[in-house]
Student: 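Before anything else, here's the structure in question.
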Number of protein chains: 2
Amino acid sequence: MDAIIDEFRAFNRSYTQVLGLLDRHILNSPFSLAEGRILFELHRAQPVTPKELGEMLQMDKGFVSRILTGFVRRKLLRKVRNPQDARSWVLQLTPSGEQAFLAINEASNGQIQRLLDPLGNEARRDMIHSMRKLSRQLNRFGEYPPKPQLDEIQIRTQLNPGDLINLIQLHGEVYREEYQYGTTFEAYVAQGIAEFYHQYDPKTNRIWIAEHLGHQVGYLALADRGTVAQLRFFVIDSNYRGIGLGKRMMELFMQFLKECNFTGAYLWTTHELPTAAALYRRFGFRLTEEKPSKAFDKPVIEHRYDLAH
Amino acid sequence: MDAIIDEFRAFNRSYTQVLGLLDRHILNSPFSLAEGRILFELHRAQPVTPKELGEMLQMDKGFVSRILTGFVRRKLLRKVRNPQDARSWVLQLTPSGEQAFLAINEASNGQIQRLLDPLGNEARRDMIHSMRKLSRQLNRFGEYPPKPQLDEIQIRTQLNPGDLINLIQLHGEVYREEYQYGTTFEAYVAQGIAEFYHQYDPKTNRIWIAEHLGHQVGYLALADRGTVAQLRFFVIDSNYRGIGLGKRMMELFMQFLKECNFTGAYLWTTHELPTAAALYRRFGFRLTEEKPSKAFDKPVIEHRYDLAH
DNA sequence: CCTATTTAGTTGACATAATCAACTAAATTT
DNA sequence: AAATTTAGTTGATTATGTCAACTAAATAGG
């Protein structure tokens, strides 16, 4: 634990430097750091009240008040009585206020751009992923990272390098964390993936890969089994559940199933996945076979579902 | 790119809050934030000169000077003329200075501990991994993350849940980034791993897993092939090369090979991996066969090495 | 509806934090 | 040995932040 604390401290020192570098540009502007932060927040959150500003930035209301009067004096800000509450104001940047914001914003963007410039695309995606993960762990009640929306998620069917591995990875992670499946299951998935890839013909097989900000968050595959199709490798990252992604992917599955004129479809799952089973049933699958299995490092009952006609 | 900048900003806001939370404890101490930081650095880096302090913490030298005189007045610090340079001082905390440091350090530790407490072990490891990755990307010339040392790396032979997947993952990552191998290679590794696991008997098979701070950074496996053994799945994370880890793992391989009384050993690699080949040769392997292969998404020549007697 | 209490924002007084420039004395360069 | 650079100190000044008192509006409770 002590090693972790030291590590944490070392990271904080390091990141403080990054933040300091980014704050520096404000020093070359006609604004103090506190003024800059308020200007930013004004732009981002307007229309906003002084009270909200103070809370967002954790600043004393007196201090905020003074900075705001300064802005009004410099004609950067308009204060209008809040119609809901005559004690309070609604704050709105004037055109020259917006311009002032733009100037420091550009400078700040430039600084960030210079910082991120040397990174490749994959590194940037990785970075975002790391940042979200860190914040999720440390700042559990903050507003970052935002809950992802279904429309931000791309689903593609082209198989790229890295995809199979990421699929195996996510499967392993999810089933290990949530159902304590172990090494045998991992080998089983690896085997399945290898097999799927060898018989993979894009005409009658398909894999759907759901991505958010370049990071893979869900998979589903359709494997050609002659006249019928097998649904395989269905998994969704736990942070991306409950937003309709599973339903969306199932729809794509059903659509492709129809296009290829398969006469039916089936899948194997286990008794431990009721949420998934409910989704399968919703799309017309019915339980047709049960058998105990030892392929999961613990006793489970495998369920076969077939599409009812 | 704009989305990435926004994301970066959002993370910075979020992390600023975390840092703010951690700095807060200093407010309940007889030290200001700046004093606290200096006290920390004094402890960490002593003996140190005022100039170095200012540079490390990016503080104005006048400001540093004043804080230091304050410390001397409070008998927390001893200033001794620098024997190398009579303009300068060597700073050293007095016993009560150390004590003061200890007090705020404990408080800070407690704060961090409370922050990390809700996380499980795996989450903590993930966190460290994310932090190191982020810092490596953003702070390329800083001292964090430190270059890992061989003696910090544990090598274990017990196969745990997640290991196989991580192995596949690292293989894919390394060979994709460094040699542009693609999906076929991934399927090939997945297949190999599944096969290895099925025939895996710990008596005459072994896998070595190198870990740093709980994060897996290298693999090597020995597969029983009857009278001889096959060396498989040798890979080391690019951030952990050049510190003797590969040599260390090969030694373990050779040792186990002897223990099990195999009469020989062989391995397959490709012409593109000269560093690995040099290592194999160093341990007595010699090139015995070459053949072109299509299993790597691009034309490569596979090389077979056999242990010479 | 009236009164007591709470709340949003302002202001003054004040303390602390941080910056800048001028300065001293030692080190280094030429 | 003179000129220049460097480490550190100090005074002047500005920025940041806190606290409490205050005004005026909103709200709660009878």
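Computed from a predicted model, the values in this text were never measured in an experiment.
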Student: To the nearest angstrom, how far is B/Leu57 atom CG from C/dA18 atom C1'?
Tutor: 14 Å
Student: Specify the separation, in whole Å, of atom CG of B/Leu33 and atom C1' of C/dA17.
Tutor: 10 Å
Student: Among the nucleotides C/dT7, C/dG9, D/dT18, which one has an atom lying closest to any side-chain atom of A/Arg87?
Tutor: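 Among C/dT7, C/dG9, D/dT18, the one nearest the side chain of A/Arg87 is C/dT7.
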Student: Looking at D/dA7, I'd like to know if its phosphate oxygens (OP1 or OP2) sit under 4.0 Å from a side-chain N or O belonging to B/Lys51.
Tutor: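 So the side-chain polar atoms of B/Lys51 do come within 4.0 Å of the phosphate oxygens OP1 or OP2 of D/dA7, strictly under.
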Student: Report the residue (A/Ala34 or B/Arg81) whose heavy-atom-nearest nucleotide on DNA chain D is the more 5′ of the two.
Tutor: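 The answer here is B/Arg81.
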Student: Would you indicate what B/Asp85 reaches in the nucleic acid, counting non-hydrogen atoms under 4.0 angstrom: base, sugar-phosphate, or nothing?
Tutor: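 The answer is sugar-phosphate, as B/Asp85 gets under 4.0 Å only of primed atoms, P, OP1 or OP2.
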Student: I would like to know whether A/Phe40 and A/Phe31 meet ring-ring contact (aromatic ring centres under 6.0 Å, His included); could you show each step before the answer?
Tutor: CA-CA 11 Å; A/Phe40 249 89; A/Phe31 300 101; over 10 Å; no
Student: Between atom CG of B/Asp126 and atom CE of B/Met131, what is the distance when rounded to the nearest 0.5 Å?
Tutor: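 With rounding to 0.5 Å, CG (B/Asp126) is 11.0 Å from CE (B/Met131).
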Student: Can you measure B/Met59 atom CE to D/dA15 atom P for me and round it to whole angstrom units?
Tutor: 20 Å
Student: Is there a side-chain contact between B/Ser65 and the phosphate of D/dT9, meaning an N or O under 4.0 Å from OP1 or OP2?
Tutor: yes
Student: Between A/Arg37 and A/Glu41, does at least one N-O distance fall below 4.0 Å, as a salt bridge requires?
Tutor: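 No salt bridge links A/Arg37 with A/Glu41.
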Student: Can you run down the ring-ring contact (aromatic ring centres under 6.0 Å, His included) pairs that involve residues 112-132 of chain A, sequence neighbours left out, and say none if there aren't any?
Tutor: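 Of all non-adjacent pairs touching residues 112-132 of chain A, those that pass ring-ring contact (aromatic ring centres under 6.0 Å, His included) are A/His129-A/His215.
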Student: Take the protein atom CD of B/Glu55 and the nucleotide atom C1' of D/dG8, then report the distance between them rounded to whole Å.
Tutor: 13 Å
Student: Specify the separation, in whole Å, of atom CZ of B/Phe63 and atom P of D/dA7.
Tutor: 20 Å
Student: When you check the phosphate oxygens OP1 and OP2 of C/dT10, does a side-chain N or O of A/Lys79 lie under 4.0 Å from one of them?
Tutor: yes
Student: Spell out yes or no: do the side chain of B/Arg66 and the base of D/dG11 have one donor N/O and one acceptor N/O closer than 3.5 Å?
Tutor: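 Per atom types, the contact qualifies.
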Student: Which residue, B/Gly62 or A/Gly62, contacts DNA chain D at a nucleotide closer to its 5' end, judged by nearest heavy atom?
Tutor: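 This one resolves to B/Gly62.
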Student: Could you check how far NZ of A/Lys61 sits from P of D/dA24, rounded to whole Å?
Tutor: 15 Å
Student: Do any side-chain nitrogens or oxygens of A/Ser32 fall under 4.0 Å of OP1 or OP2 in D/dA15?
Tutor: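 Looking at the OP1 and OP2 atoms of D/dA15, neither is under 4.0 Å from any side-chain N or O of A/Ser32.
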Student: To the nearest Å, how far apart are A/Asp60 CG and C/dA17 C1'?
Tutor: 16 Å
Student: With a 4.0 Å cut-off on N to O distance, would you call A/Glu122 and B/Arg176 a salt bridge?
Tutor: yes
Student: Does the side chain of A/Thr49 get closer than 4.0 angstrom to OP1 or OP2 of C/dA8 through an N or O atom?
Tutor: no
Student: Rounding to a whole Å, what distance do you find between B/Ile67:CD1 and C/dT16:P?
Tutor: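 Distance, rounded to whole Å: 13 Å.
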